[in-house]
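Before any comments, here is the structure.
Proteins come first, then strands; the chains are lettered A, B, ... in the order of their sequence lines, and each starts at number 1. Treat the numbers as computed from the prediction; the structure is a model and nothing was measured.
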There are 2 protein chains.
Amino acid sequence: MTGAALEKTTFREVMAAITQRITEGPWGPGTLIPTETELAEEFGCSRTTMNRALREISGLGLLDRKRKAGTRVRMAPIRQARFELPLVRNEVEAAGAEYRYQLINRAVLAAPDWLRARMDLGPDSPVLHIQCLHFADGKAFQLEDRWINALALPQALAEDFATIGPNEWLIATVPYSEVEISFLAVAADDLAVRHLDHAIGDPVFCVERATWWKNAAITLVSLSHPRGHRMTTRY
Amino acid sequence: MTGAALEKTTFREVMAAITQRITEGPWGPGTLIPTETELAEEFGCSRTTMNRALREISGLGLLDRKRKAGTRVRMAPIRQARFELPLVRNEVEAAGAEYRYQLINRAVLAAPDWLRARMDLGPDSPVLHIQCLHFADGKAFQLEDRWINALALPQALAEDFATIGPNEWLIATVPYSEVEISFLAVAADDLAVRHLDHAIGDPVFCVERATWWKNAAITLVSLSHPRGHRMTTRY
DNA sequence: CAGTGGTCTAGACCACAAC
DNA sequence: TTGTGGTCTAGACCACTGG
């Protein structure tokens, strides 16, 4: 006897088995693997289930599927790095640390040229500029430097952001919008030196996020981190 | 007549409609939306189709689904940044530029302590150290600084990497493995200054990738980029 | 033109979690 | 206990694309 239990074949089990054949088994890069129908028969599941399994593996970047041509193991796996960018408060609290917020600076002014270009604003556009800190267990965790388009979001002018961060306020106000996220390295400026334990000119890992809603720029924020910060993903 | 065509309702159409209700329509953050069965009836599709649509939207981070509790619009959307990290050659050529590779340095030596710790190597482990450049249309595009575990991958010692980069060789040799990817900011070192148009100490955006296969470290690579490089994603 | 994946359907049972 | 999502099935038709 085979010893195989009579459990139902789930698409997760199929995924695991197929993935193993790709990573450790006989299906090296470039291999044309059997059709859904054949595999479904081999694994004793429906084609629907096999389709789901293969579709998900394909989504992970290991397989390349084309009608008529069949399913092929990718020559070079599509390495993808995926990062979740939760609300700072949640990130801190998820790490079991105590969250604290502190406003550093709040000002209303005319948008400087570089910002007008970046956010596509008209001349003399009023913007709200906010700089603040997010702490984890008393240590500076993230420095936030944010610009808010005051024409698109006049309600922001009524907020003082003394006790709740602009990020949380914005999420509650403009929940779902177009977003552009960038990761980059910049040199530490005054603010980073003063609050993030950097020396002037130090390399700082920085996340920049621009947000639009119905084609109007809402906010541009730069999030900086302490020395040695890295964003890591594993798979 | 309604003017509506009699086309089948596809899960993509359903996705678009539901997504719109979330982003622009009546379903603000926290809303408990109708059940799959109800929605399927409203949209005139099967529950299977509605399930697929909702599952995919949920995968995008807009919905939170729990058995019995139902499907809820997330209070804070899970912002996720997803980056594809293709083979440099493909990345360059996909941009319509001409790719060129150049070896800078190749050496076999005993792993330094920091590397032994990082790759979990034994004392006196031999490693292959390779430094090389990837050009796009004649301009330095990426600086690669790689360490290869010579015990785990002795074939690497027979390669001179004069004409093809270690990345491509590795992909053909150890195709699918465990990977850890980090993004970080570092200060420009000699090599970056010499080849990437940096000044000493400049902030450099850097991708670090560690690769394991069957619990043995295979390679650790650091990829640096020219001034002002940023990784961007939009959605 | 024909093979392969893409998707829809109707029905069923199950697992989890709120009540 | 019971409602809701999670998943499997068998069958069907379609759409793309390689030959």
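- Screening residues 76-97 of chain B for ring pair (Phe, Tyr, Trp, His ring centres under 6.0 Å), with sequence neighbours left out, gives A:Phe183-B:Phe83, B:Phe83-B:Phe183.
- Between A:Met15 and A:Leu60 the shortest side-chain heavy-atom distance falls below 4.5 Å.
- Contact of the A:Thr48 side chain with the B:Thr48 side chain is not registered, since no non-hydrogen atoms from C-beta on lie closer than 4.5 Å.
- Partners of B:Asp64 by side chain to side chain contact (heavy atoms under 4.5 Å, CB included), not counting sequence neighbours, listed by chain and number: B:Arg74.
- Residue pairs meeting the salt bridge (charged side-chain N to carboxylate O under 4.0 Å, His left out) criterion with at least one partner in residues 142-151 of chain B, sequence neighbours excluded, are B:Glu144-B:Arg146.
- Distance CD1 (B:Ile33) to P (D:dT4): 12 Å, rounded to an integer number of Å.
- Listed by residue number, the members of residues 35-44 of chain B with any heavy atom below 4.0 angstrom from DNA chain D are B:Thr35, B:Glu36.
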Only pairs under 3.5 Å count here: list side-chain donor-acceptor contacts from residues 84-92 of chain A, not counting sequence neighbours, and write none if there are none.
| from | atom 1 | to | atom 2 | distance (Å) |
| --- | --- | --- | --- | --- |
| A:Arg89 | NE | A:Glu168 | OE1 | 3.3 |
| A:Arg89 | NE | A:Glu168 | OE2 | 3.0 |
| A:Arg89 | NH2 | A:Glu168 | OE2 | 3.4 |

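- Shown for residues 46-59 of chain B: residues whose heavy atoms fall under 4.0 angstrom of DNA chain D, namely B:Arg47, B:Asn51.
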What does the list of N/O pairs under 3.5 Å between the protein and nucleotides 15-19 of chain C look like, with a distance for each?
| from | atom 1 | to | atom 2 | distance (Å) |
| --- | --- | --- | --- | --- |
| C:dA15 | N3 | B:Arg67 | NE | 3.2 |

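- Summarising the geometry, the separation between CZ on A:Phe11 and C1' on D:dG5 is reported as 13 Å, rounded to the nearest angstrom.
- Remark: B:Glu178 engages B:Trp212 in a side chain to side chain contact (heavy atoms under 4.5 Å, CB included) (not counting sequence neighbours).
- Spacing between atom CD of B:Glu13 and atom P of C:dG6 amounts to 18 Å, rounded to whole angstrom units.
- For residues 22-32 of chain B, no residue pair satisfies the side-chain hydrogen bond (donor to acceptor under 3.5 Å, both in side chains) rule, not counting sequence neighbours.
- Under the salt bridge (charged side-chain N to carboxylate O under 4.0 Å, His left out) criterion, A:Arg234 pairs with B:Glu180, not counting sequence neighbours.
- Residue B:Arg12 is classed as a sugar-phosphate contact, given heavy-atom separations below 4.0 Å to backbone atoms only.
- Distance, A:Arg65 CZ to D:dA15 C1': 15 Å, rounded to whole Å.
- Residues forming a side-chain hydrogen bond (donor to acceptor under 3.5 Å, both in side chains) with B:Arg106 (at least two apart in sequence, or on another chain): none.
- Rounded to a whole Å, the CE atom of B:Met15 is 11 Å from the P atom of C:dT7.
- Residues passing the ring-ring contact (aromatic ring centres under 6.0 Å, His included) test with B:His134 are B:Tyr99, B:Tyr101, sequence neighbours excluded.
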